[in-house]
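Just so we're on the same page: letters track the sequence lines, and every chain starts at 1. Basis for what follows: all heavy atoms, side chains included, without hydrogens, waters or symmetry-related copies. Computed from a predicted structure; not experimentally measured.
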Amino acid sequence: MISMFVNCAKAWTRLVRAYHRVTGRPQVTLDRPAVAIRGARR
Amino acid sequence: MTATQARPAPTTAPNGIPLLDPDPPRLGPVSRRLLTRLLVALALVQVAGAALTFGVATDAARAVGLSLTLPGGGFLYLARPVAFLVTAALAVVALVLWWGLSFHAAIPLVWLGSAAVGWALVDGPRLVIDRGTTWGWAVPVVYLLAVAVVAAAVWKFERRFRTKRAKVAELNEYLSTVELPERTPIVRDPNAMDAELLRWCYDLAHQPDDGLKGLDWGEQFHGGTQLRYQLNAYCWALSLYAANHLPNAPRQVTEALAKLVEKHTDLRVWRYWRTLNLLGNLDANPDPIVRDNIMFSAFLGDVLNMYEAATGDHRFDEAGSLTFVWSDGREFPYDHHSIIEAVHANYERSDLGFYPCEPGWSFTVCNVMGAQSMYGHDRLHGTELWDANRDSWQRTLEQEYLTPDGTYAHIRSNHVGLSWDTGEVPGGHYTANGTGRFADVLPAHGARARALDLRSAGPAMAGLSAMVSEGTLDLEMPEEPERHRTRSSALPGWNKVIGGANLVGDGALAEAAMDGAARQCATGQRWPERPLAAGSSALGGHMIVRWSTPLGPADLNQRGYVPPVGPVLDDTAWDDVLVVLARSDDGESLDLHLEPRRGPVAALPLAFTNLEPGRAYRLECDDSTASSVEGGSVTVDLPEARSFRLVPEVVA
């Protein structure tokens, strides 16, 4: 029932922001180093 | 009303608009069944809690029982108010994870976990308070709190429902008398900003295949930084540009579009799905197409429809043309057909009638995209997938998602039938959504949505239109936070005005708003910087609204592919030139606007096809020179942006 009172989108953004603050990783960047782009066989 | 009783079909007004139900149900039959199942489960938990609290009635039993009545309630009984507050906070986090990551076990874990921890701590030390202390007053307080939470939720739901229902008579009066303005497609020629945006899209597309520069990178679940939606948006925008401005020179834009479509197979774009599938479906299969994940499969299906309808290119119909490779080398080969068939199969399996984005959560917007994807495929390939699904899809839309005032709930749980305002869209509902806003898949519903939109947007657009003077809308839009809230921009405000102007068919206002957006947001920069100061989502949305005339997404989905009429620019030095306009409005001549891509181009070859056999042509330039076309070819110098017109010589 608490769902009726919680703005999930805003709460999600706060959680994401807190996660990035704790880990020190940027929340939004224009690029990110490539990692296993298309899987191992490509 | 029960699930087995049929509701009378909604009345349709003489203008073809379906009217609203004057006596709407609070829930549809499937949602009611799911919610009833949830309530029975909750009732059993309450019975168990009451039995422990009042029947067994030991301290340990009361600690457990009260936590079953209200998560963490037992902590209050055990004189542990901090633990009670922590549990309440954890319940909120669990709710957000339930919605955000489909972590369906989160709330039960917090709920039952608080009971288990309470039981374990019955005899443990308290903070400040003496060991073994219990607060007897907590029993009525916990029950009062539980009742208050339930009552507030019911009151909130009921008040909202009644407020909407009270509007039905007035809305039906409006809907039955409204005369929707004839849609007069706005035909416009691309300007300098269109050319800059097109150039930027090509640079985005032609970066190395594994490059995702230009997109906003961030988390891939809900935060507005999902790569998939950004790629979708640029594909839709470029497809609209191809159909509206480049029908007679499709090669360059087709190649760029194909590159953008292929970027959907980049692991960074779809890797999020395995996490969701594992958490929400307890399924470790990373295949992003086969189950749920409609926000990827149907959106990509719709992108492929738009691509084919705009370019006539069939490369993605080939088996395995879109192969998704997981990090361990497993391959999931798909193509246009198999993606749409997967969408169809998911609908066949769904009890609710709509199928999920994140496991267990079915959104209206995504299911509109599902409908569009099947419809568009039918138009292009003669299949009948939408026909097979239309009735059940429409029934779900009307019975499960429609609210009394003609808006649709944004989200519904496939497991418990709940909807609420998640904060993603204003009020948690909308009159229409998807790129086509029902205009292609359910035209009558599209007309009703348009009528309801016009009721509020019409006067606002009329007011703005009156402010346009000599093509200028002298306004500065306030900067507003973008979805990921890490930056603000004025572009979303301008996008709304352009979209509103398109809605009312006010080309002058739309053009003035595009001019205003350029005036306020232009950076004067090129790739990899953005030509407009905005986040990637707002930039993609801007391109969609500015390139949606005369053909919008629904028009293109309905039209399918139509080969170009009139001369076609078939070949040139594509790497040196940016083809900004190639359109034949009369079917005989060809209007071209070309810009150098890197620097002045001397002796640029232009080869034309689809010319009238035996007829001579000349190429007129806006510098008042003209060249004869020999054998379908001609060479021109392109020191700067130039407009040309290929015209047939008058037959003597």
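- Side-chain contact between A/Trp12 and B/Glu424 is absent, with no heavy-atom pair separated by less than 4.5 Å.
- Scored by the ring-ring contact (aromatic ring centres under 6.0 Å, His included) test, B/Tyr234 finds B/Trp200 as partners (sequence neighbours excluded).
- Evaluation of the ring-ring contact (aromatic ring centres under 6.0 Å, His included) rule for B/Phe161 yields no partner, not counting sequence neighbours.
- Residue B/Thr422 touches chain A through both its backbone and its side chain, counting heavy-atom pairs closer than 4.5 Å.
- Counting heavy atoms from C-beta outward, B/Trp420 and A/Cys8 have side chains that approach closer than 4.5 Å.
- Counting heavy-atom pairs closer than 4.5 Å to chain A, the top residue among B/Ser536, B/Gly535, B/Gly423, B/Gly428 is B/Gly423.
- Contact of the A/Leu15 side chain with the B/Val96 side chain is registered, since non-hydrogen atoms from C-beta on lie closer than 4.5 Å.
- Heavy atoms of other residues, nucleotides or ligands lying less than 6.0 angstrom from CZ of A/Arg14 number 12 at most.
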